Asks: 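A single structure is presented below for examination.
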There are 2 protein chains.
Amino acid sequence: MEDKRQIVDNLVLELRRGTLVLSVLSQLVAPQYGYSLVESLETKGIHIDPGTLYPLLRRLEKQELLQSEWETSGPKPRKYYILSVLGKEVYQELCNEWLELNKSIMAIL
Amino acid sequence: MEDKRQIVDNLVLELRRGTLVLSVLSQLVAPQYGYSLVESLETKGIHIDPGTLYPLLRRLEKQELLQSEWETSGPKPRKYYILSVLGKEVYQELCNEWLELNKSIMAIL
DNA sequence: TGAATATACTGTATGTCACACACTATTGTC
DNA sequence: GACAATAGTGTGTGACATACAGTATATTCA
């Protein structure tokens, strides 16, 4: 038998899970690199583990929702990501779906 | 390379995934059986496949968020579920977390 | 009447996907 | 040398979708 705290935490985890992609896409209208994403989302109350983000970014790039570019002129090499055209479209649709879903949930609570 | 429709569908799936438990819990302030749950949620714009719901109900019962009772006096045996005390508490917390999350997401969109 | 079909209802098994977590590795900076 | 910045990998677990199985009642229709 699990304890209550753990059950809740787990469910919250599941809740936030699906919103991660949405969060990430929303930030990439302007180019950002992984580490900066982690930080900027953190300030907005959305925690994402680097070990979660990096594979996510790669996956989104493979799906062609993102484009990336290495920036090597600075002191440390950084990989910048930004939304592709397809990414923008998908992001838009996802936003709409979120609003829909939100409406449904609010209605039943 | 996947096509756009499929990518979006998949992401939407992920979005709704975490909200399933919340939806189900919200309906079980009054006793309901599986099939009635599927239908009542459907009318509220939340689709859940029976094959998804039944295992979910059993899982929630195992976690002691739900209690169940067979109703055998009717023409067909039905298994009624309702929130336990623990379930109500968890539901409350989950609601709050949802509202929090919602605020965060709305802020970044 | 009786057979076929639909529908209500509960359940199981398997596959896939995605994240958390813990880890490695590198390069600057104080 | 320690710490921050930055990127990455690999494994395990959890959860849902999908498809399938099965029973009982109601309905249709020849």
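Since this is a predicted model, take the numbers as computed values, not measurements. Throughout, a chain's letter reflects where its sequence line sits, starting with A, and its residues are numbered from 1. Values below: all heavy atoms of this structure, side chains included; hydrogens, waters and symmetry mates excluded.
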Asks: Between which nucleotides of DNA chain D, 5' to 3', does chain A make heavy-atom contacts below 4.0 Å?
Replies: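 Reading along DNA chain D, I get dA4(D) to dA15(D).
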Asks: Give a yes or no answer on whether the side chain of R16(A) reaches the backbone of H47(A) with a donor-acceptor pair at less than 3.5 Å.
Replies: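 Looks like yes, one N/O pair under 3.5 Å.
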Asks: For the hydrophobic clusters of this structure (ILVMFWY residues joined by side-chain heavy atoms under 4.5 Å, transitively), does one cluster hold both L41(A) and I82(A)?
Replies: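 No, because L41(A) and I82(A) fall into different hydrophobic clusters, even though each may have its own neighbours under 4.5 Å.
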Asks: Just to be sure I understand the geometry, which residues of residues 88-109 of chain B put a non-hydrogen atom under 4.0 Å away from DNA chain D?
Replies: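 None, since no heavy atom is under 4.0 Å.
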Asks: Would you check, one step at a time, whether the test side chain to side chain contact (heavy atoms under 4.5 Å, CB included) holds for W70(B) with Y33(B)?
Replies: CA-CA 9 Å; W70(B) 279 99; Y33(B) 54 99; over 6 Å; no
Asks: Output one letter per nucleotide in nucleotides 14-21 of chain C: B when a protein non-hydrogen atom lies under 4.0 Å from the base, S when only the sugar-phosphate is that close, - when neither is.
Replies: ----BSBB
Asks: Considering non-hydrogen atoms only, spot the tightest contact between Y91(A) and I108(B) and give its length.
Replies: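 Nearest heavy atoms, Y91(A) then I108(B): OH-O, 4.3 Å.
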Asks: Stepwise, does the salt bridge (charged side-chain N to carboxylate O under 4.0 Å, His left out) test hold for E89(B) with K4(A)?
Replies: CA-CA 9 Å; E89(B) 292 174 14; K4(A) 179 180 161 191; 2.8 Å; yes
Asks: Return the polar atom pairs (N/O with N/O) between nucleotides 25-30 of chain C and the protein under 3.5 Å, or none.
Replies:
from    : atom 1 : to     : atom 2 : distance (Å)
dT27(C) : O2     : K76(A) : NZ     : 2.8
dG28(C) : OP1    : P75(A) : O      : 3.1
dG28(C) : O5'    : P75(A) : O      : 2.9

Asks: State plainly whether one hydrophobic cluster holds both Y35(A) and Y81(A), where clusters connect Ile, Leu, Val, Met, Phe, Trp and Tyr through side-chain heavy atoms under 4.5 angstrom apart.
Replies: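 No.
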Asks: If hydrophobic clusters are built from ILVMFWY residues whose side chains come within less than 4.5 Å, do L20(B) and L13(A) share one?
Replies: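 No: no chain of side-chain contacts under 4.5 Å links L20(B) to L13(A).
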Asks: If you count every heavy atom of other residues, nucleotides or ligands that lies below 6.0 Å from E42(B) atom CD, does the total exceed 12?
Replies: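 Yes, because the 6.0 Å sphere around CD of E42(B) holds more than 12 heavy atoms from other groups.
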Asks: Let's go through E14(A) and R17(A) carefully: what are the C-alpha distance in whole Å and the side-chain angles of both, what is the deciding distance for salt bridge (charged side-chain N to carboxylate O under 4.0 Å, His left out) to 0.1 Å, and is it a yes or a no?
Replies: CA-CA 5 Å; E14(A) 282 300 313; R17(A) 211 174 168 124; 3.0 Å; yes
Asks: Does the pair S84(A) and Q67(A) meet the rule for a side-chain hydrogen bond (donor to acceptor under 3.5 Å, both in side chains), with working shown?
Replies: CA-CA 6 Å; S84(A) 67; Q67(A) 293 167 336; 5.5 Å; no
Asks: In residues 26-36 of chain A, which ones come under 4.0 Å of DNA chain D, going by heavy atoms?
Replies: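 The answer is Y33(A), G34(A), Y35(A).
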Asks: Not counting sequence neighbours, which residues clear salt bridge (Lys or Arg N to Asp or Glu O under 4.0 Å) with D49(A)? List them please.
Replies: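 So D49(A) forms no salt bridge (Lys or Arg N to Asp or Glu O under 4.0 Å) with any residue.
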Asks: Checking T52(A) side chain against I48(A) main chain: does a donor-acceptor pair fall under 3.5 Å?
Replies: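 The answer is no, because no donor-acceptor pair under 3.5 Å joins these two groups.
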Asks: Does the pair K103(B)/E100(B) count as a salt bridge with the N-to-O cut at 4.0 Å?
Replies: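 Yes.
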Asks: What do the steps show when you test E93(A) against R5(B) for salt bridge (charged side-chain N to carboxylate O under 4.0 Å, His left out), and what is the final call?
Replies: CA-CA 10 Å; E93(A) 294 200 27; R5(B) 177 87 266 129; 3.4 Å; yes
Asks: Distance-only, no hydrogens or angles: does the S36(B) side chain make a donor-acceptor pair with backbone N or O of Q32(B) under 3.5 Å?
Replies: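 No.
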